[in-house]
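Here is how names work: the chains are called A, B, and so on, in the same order as the sequence lines, proteins then strands, and each is numbered from 1.
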2 protein chains.
Amino acid sequence: MPDYTPPAPKSERILNAAEELFALHGFDGVTLRGIATAAGVDVALLNYHFGVKKKLFEVVFMRRAEILNEARLNALLEAEASSGGRPSLEQIVSAFLRPIQRFQLTGDEGWRNYLALVGWVNSSSVWGEEMMHKSFDPLVTRFIEALKKNMPDADPQRIYWAYQFFSGALTLTLAQTGRIGRLSDGLCRESDVETVYDLMIPFVVAGFRKLCMEHPEGGA
Amino acid sequence: MPDYTPPAPKSERILNAAEELFALHGFDGVTLRGIATAAGVDVALLNYHFGVKKKLFEVVFMRRAEILNEARLNALLEAEASSGGRPSLEQIVSAFLRPIQRFQLTGDEGWRNYLALVGWVNSSSVWGEEMMHKSFDPLVTRFIEALKKNMPDADPQRIYWAYQFFSGALTLTLAQTGRIGRLSDGLCRESDVETVYDLMIPFVVAGFRKLCMEHPEGGA
DNA sequence: TGATGAATTCAACAAATGTTGAAAATTATC
DNA sequence: GATAATTTTCAACATTTGTTGAATTCATCA
């Protein structure tokens, strides 16, 4: 007989339904009534708990961002600790990706939806920028510092660009568009979380090395 | 005194306005009245020329797809011809990217908007899939065949995944989110089309090499 | 039990949306 | 220059949208 007050389940059902629908259709493609129906509550309850629509979206977006940021930061700190402050490129990139994989491997539908949502927001030109900046850029800046330290001779511009390519490769995969499945005629599945990061990490690391650790005149 | 009948300018103004607004806000974030106002025409004209909203979007999306596909195919054919049917990895990747750069370098606002729109659709889970598939996958399949031929010993799965990462890196950059500018504090600008492909090509080529041309047990 | 406050639903609002049919204007054809 | 066809606008429609205030249910606790 636990004596804690269980959190109001309906407000969480709203957030979960909103998470899924926003991930599928984006901000403007979702109606408050659609969320309410999916959550099995009245429309007015959304306003009662979370205010206007945009505020609801922000709550959904921030809810798991902090958890993910903390997991990533811990992974980076651990990599730095276990390497005497000199983590390898693989370790840095892995610290950025493996926590995501861990959350996906739990099978939690919510995390899958959330990560697809991040993929969506990251590619959304107008107001995705503000939200990505506020919720992720502090941590990203920390990772980029680690990259700069790992490659002190690299042109910072190249590190930023390599990160941009890295970020694009990641977020497209998170977005769960199903395109690679169709393109490969079922040979590859985006849901194959077990192996995708085993491929993404070497791909990205090789790109970083080429871009940041070789001189431009390095050969054909 | 030219005797050709000039194409109805208003229907093109509609397409251009729609192109820009869809690229900025996505399908559901744009209203027909917003497009009509931006184009300086009446709302009903959109239905008259292009039918329902989704049809208008498809026209916008297909309009430049064929041009881009043709330019890319020609670039690939040229690379194959100039190499005796054995283009290098750099040549294949360049044939995929340089035509995009060429269109961007013309300074044509329409192409910039269109390419941002492609970036948006590519990351959009639900109905982006169908449109990307119909308009781009035939050409993409052709490129993947060239990649397979270039790396005959590679596991096809790895080629598809490497292409997925490639595609993500490209489309995030096309999406023009402005994020890298903010992250790098103005050091890098997405609009710097002159140099971004000079970096993207070696990044991607190195990733392909690592993933598809080395044995999995290849070293730490 | 009864009273207080929070959580939830009901009903409805004004505004905006996609779409359409008829009228007006423009262009092409003879 | 009259007629037909195309293009464009006008005005309005039925829905849907986000949002809100009042009413109702539920939980807490003296």
Side-chain angles (χ1 to χ4, degrees), chain A residues 1-61 63 117 121 124 126-128 130-131, chain B residues 1-61 63 117 121 124 126-128 130-131:
Chain A
M1 225 72 59
D3 58 346
Y4 69 92
T5 57
K10 295 215 171 180
S11 64
E12 271 194 26
R13 291 231 306 274
I14 292 173
L15 290 178
N16 292 336
E19 191 170 56
E20 178 176 357
L21 290 174
F22 281 141
L24 279 172
H25 306 106
F27 180 78
D28 293 301
V30 171
T31 73
L32 295 182
R33 281 173 178 80
I35 298 173
T37 301
V41 303
D42 191 90
V43 203
L45 201 56
L46 278 63
N47 259 278
Y48 174 74
H49 278 298
F50 306 106
V52 301
K53 186 183 181 186
K54 187 164 184 177
K55 188 75 185 148
L56 166 63
F57 187 92
E58 286 177 13
V59 172
V60 168
F61 194 77
R63 179 167 63 147
L117 180 61
V121 173
S124 153
V126 179
W127 59 290
E130 177 75 14
M131 216 166 312
Chain B
M1 221 77 56
D3 58 345
Y4 69 93
T5 56
K10 294 215 171 180
S11 64
E12 271 195 27
R13 290 230 307 273
I14 291 173
L15 290 179
N16 292 336
E19 192 170 56
E20 177 176 357
L21 290 175
F22 281 140
L24 279 172
H25 306 105
F27 180 77
D28 293 300
V30 171
T31 73
L32 295 181
R33 282 174 177 80
I35 297 172
T37 301
V41 302
D42 190 88
V43 204
L45 202 55
L46 279 64
N47 260 279
Y48 173 75
H49 278 298
F50 306 105
V52 300
K53 186 184 180 185
K54 187 165 184 176
K55 189 77 185 143
L56 166 62
F57 187 92
E58 286 177 13
V59 173
V60 168
F61 194 78
R63 178 167 62 148
L117 180 61
V121 173
S124 153
V126 179
W127 59 290
E130 178 75 15
M131 215 166 312

What does nucleotides 11-21 of chain D look like as a protein-contact string, B for base, S for sugar-phosphate only, - for none, at under 4.0 angstrom between heavy atoms?
-B----BBBBB

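Using a 4.0 Å cut-off, some side-chain N or O of B:H49 falls inside it from OP1 or OP2 of D:dT8.
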For B:L117 and B:F57, what are the C-alpha separation, side-chain angles and deciding distance, and is it a side chain to side chain contact (heavy atoms under 4.5 Å, CB included)?
CA-CA 10 Å; B:L117 180 61; B:F57 187 92; 3.9 Å; yes

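We find that NZ of B:K10 is positioned 9 Å from C1' of D:dT7, with the value rounded to whole Å. Rounded to an integer number of Å, the gap from NE2 of B:H25 to P of C:dT17 is 13 Å. Between the CD1 atom of B:I14 and the C1' atom of D:dT9 there is a distance of 12 Å, rounded to whole Å. If you take CG of B:L21 and P of C:dG18, they are 12 Å apart, rounded to a whole angstrom. Atoms CZ (A:F50) and C1' (C:dT8) sit 13 Å apart, rounded to a whole Å.
For the salt bridge (Lys or Arg N to Asp or Glu O under 4.0 Å) test, residues two or more places apart in sequence or in another chain that qualify with B:R63 are B:E19.
With values rounded to the nearest 0.5 angstrom, B:E58 atom CD is found 13.0 Å from B:K53 atom NZ. Here A:F50 contributes atom CZ and A:I35 contributes atom CD1; the two are 10.0 Å apart, rounded to the nearest 0.5 Å. The line from NZ of A:K55 to NE2 of A:H49 is 15.0 Å long, rounded to the nearest 0.5 Å.
In this pair, A:F27 and A:F22 present their aromatic rings parallel. The plane angle is below 30°, not in the 30 to 60° band.
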